[in-house]
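Sequence positions, counted from 1, serve as the residue numbers for this chain. Indexing begins at 1, ligand by ligand and atom by atom, following the structure's order.
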Amino acid sequence: MDLEEALSELKVIVETVQKQEEWRGRSTLNLIASENKMSPLARALLPSDFNHRYAEGEPYDREYQGGGLIDLIEDLCIKLASRVFNANFVDVRPISGALANLAVFFALTKPGDVLLSLSIPAGGHISCGEVGAAGCRGLKVYSIPFNHEDMNIDLEALASVVEKAKPNLITLGASLILFPHPVKEIRKIAEPYGTLIHYDAAHVLGLVAGGVFQDPLKEGADVVSSSTHKTFPGPQGGMLLANDETLFRKVKKAVFPGLVSNHHLARLPSLAVTLLEMLLYGKEYATQIVRNAKTLAKALHDYGINVLGAHRGFTESHQVVFEASKLGGGGEAARRLEEADIIVNRNLLPWDAVGKVHNPSGVRIGTQEVTRMGMKEREMETIAELMWRLLIKREEPERIKEEVHKLLADFNTVRYCIDGQDFVKGVLKAFFER
Ligand code: DSN
């Protein structure tokens, strides 16, 4: 390759990043339930020299010299997370939620063991199925029975599956989760068989931090795994929490030296900032996320859209899910919404066959990012109206897009974060001058 060719490729790379900033960063209504925006300070600290360094091991016990400063930051992350989640033990080294799940499977099971988890259509994450991390560990996976009406776990049916399958581990928590899972009740069902309870909190971690959803550890989960960038608005990464030291020692060993060597250090200062911000503003933020989800769900329902969970108040989380068969399917509806710069994802619903993945029946929406940008109940009603006009009244996407941009113009600042202090202003100024 000569320099001229390299420069032309370079131009594509740089322009693509700029376009992403301009389009997804500023010009779309982001309603993907697994995304969020970091605070300006967390974002400013992300591209630091920690990107270039190694720190295998644990704080103050590393394989490399030169790690004193990351020790300080990682130790702070652990202490802050322990406070936010009321957990005796924390590991922030998994670099993703799926890897945190794999660490749990490696620590607490052996090949051939039985795992009960939710199927993907019922909301289970791919890593908890045989096609994902659980299968990589050689686990036999059986589905947790799910009540389609209540959009929650069917406890009676579960009790009989547990009796027959005698699982080694049950994974709760989900990627499609409208209501808290009955952790306490499931622990009672599982206890006689010595079954451990794992809760994947990736989607609801910010709600747990804000105290507005269930507290899985308190309710009886032995270990909680998570990513750190959905309702919890931190950098992309993973986390593990537990209260029992013997169990957690196994989990930590699965992380290192098991699955992670260097754990992508540059995200940790941003994680520490996010934990601090959640200690300050987490309750207010999480409360508004759920209020917004309920308002959006009801408004869509009032427009005749088939929103799930109606008889239970639609949702207790950040998610709103609707059935889109009459709108051409979830894939078709999501594509039409994207034409108007409204970004959602198509989603399998509990009664869908897994093979229906390209045009499943559902659409999943998350309110955490628009809430982060300051939107409240009134804006949720506007969003529902725009969706109705686009999907049901079949107005032109270009026309709706203009209104989406008008709405976004008033919501271009990340809220619920530390931003006014001179010290923070100085950091941000330095970041933008870099
Ligand atoms: N599959 C992602 C989601 O729920 O969107 C999480 O990894």
Side-chain angles (χ1 to χ4, degrees), residues 24 28-38 94-105 117-136 141 144 146 151 171-181 198-208 213 216 224-240 259 264 267 289 293 308-309 315-322 324 330-331 333-335 337-338 342-350 352 354 356-372:
R24 285 302 306 284
T28 53
L29 190 59
N30 291 314
L31 297 167
I32 300 278
S34 51
E35 298 179 350
N36 212 327
K37 271 198 175 128
M38 277 185 280
I95 56 172
S96 74
L99 203 73
N101 284 347
L102 187 57
V104 170
F105 301 145
S117 63
L118 286 160
S119 69
I120 294 174
H125 189 255
I126 195 159
S127 59
C128 304
E130 272 188 20
V131 289
C136 291
V141 183
I144 295 176
F146 197 75
M151 287 302 288
T171 292
L172 305 174
S175 296
L176 187 146
I177 181 161
L178 298 175
F179 305 106
H181 286 165
H198 160 222
Y199 189 103
D200 177 347
H203 265 271
V204 295
L205 194 73
L207 308 182
V208 176
F213 203 68
V224 170
S225 62
S226 190
S227 54
T228 52
H229 49 265
K230 296 182 171 75
T231 50
F232 184 89
Q236 294 189 339
M239 190 187 280
L240 288 156
L259 296 165
H264 298 186
R267 68 194 164 86
I289 292 174
L308 304 193
T315 183
E316 295 291 331
S317 76
H318 60 304
Q319 295 185 4
V320 175
V321 180
F322 68 82
R335 270 190 298 279
L337 288 164
E338 184 178 350
I342 300 174
I343 312 294
V344 299
N345 72 280
R346 63 176 188 262
N347 219 93
L348 288 165
L349 296 183
D352 282 341
V354 178
K356 229 182 149 192
V357 69
H358 293 296
N359 195 16
S361 311
V363 166
R364 185 186 67 168
I365 299 170
T367 56
Q368 71 292 340
E369 187 170 330
V370 287
T371 306
R372 187 105 170 113

Return the [atom1] to [atom2] distance between [X] and [Y], rounded to the nearest 0.5 Å.
X	Y	atom1	atom2	result
His358	Leu348	NE2	CG	10.0 Å
His198	Thr171	NE2	OG1	5.0 Å
Ser317	Leu207	OG	CG	6.5 Å
Ile95	Thr228	CD1	OG1	11.0 Å

| query | Counting each atom of ligand 1 from 1 as listed, which ones have a heavy atom of Lys230 under 4.0 Å away? | reply |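 Per the distance check, 6 (C), 7 (O).
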
| said: Using a 4.0 Å cutoff against the non-hydrogen atoms of Ser175, which atoms of ligand 1 qualify? | reply: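 Answer, ordered by atom number: 4 (O).
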
| request: Look at atom 7 (O) of ligand 1 and say which protein heavy atom is nearest, naming residue and atom and giving the distance to 0.1 Å. | output: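 Here the nearest protein heavy atom works out to His125 NE2, 2.9 Å.
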
| query | What residue and heavy atom of the protein are closest to atom 4 (O) of ligand 1, and at what distance? | reply |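 Residue, atom and distance for the closest contact: His203 NE2, 2.7 Å.
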
| query | What part of Arg364, side chain, backbone, both or neither, has a heavy atom within less than 4.0 angstrom of ligand 1? | reply |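 Contact part for Arg364 vs ligand 1: side chain (C-beta onward).
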
| Should the heavy atoms of other residues, nucleotides or ligands under 6.0 Å from CD of Glu316 be counted, would the total exceed 12? |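 Yes, CD of Glu316 has more than 12 neighbouring heavy atoms, counting only those of other groups under 6.0 Å.
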
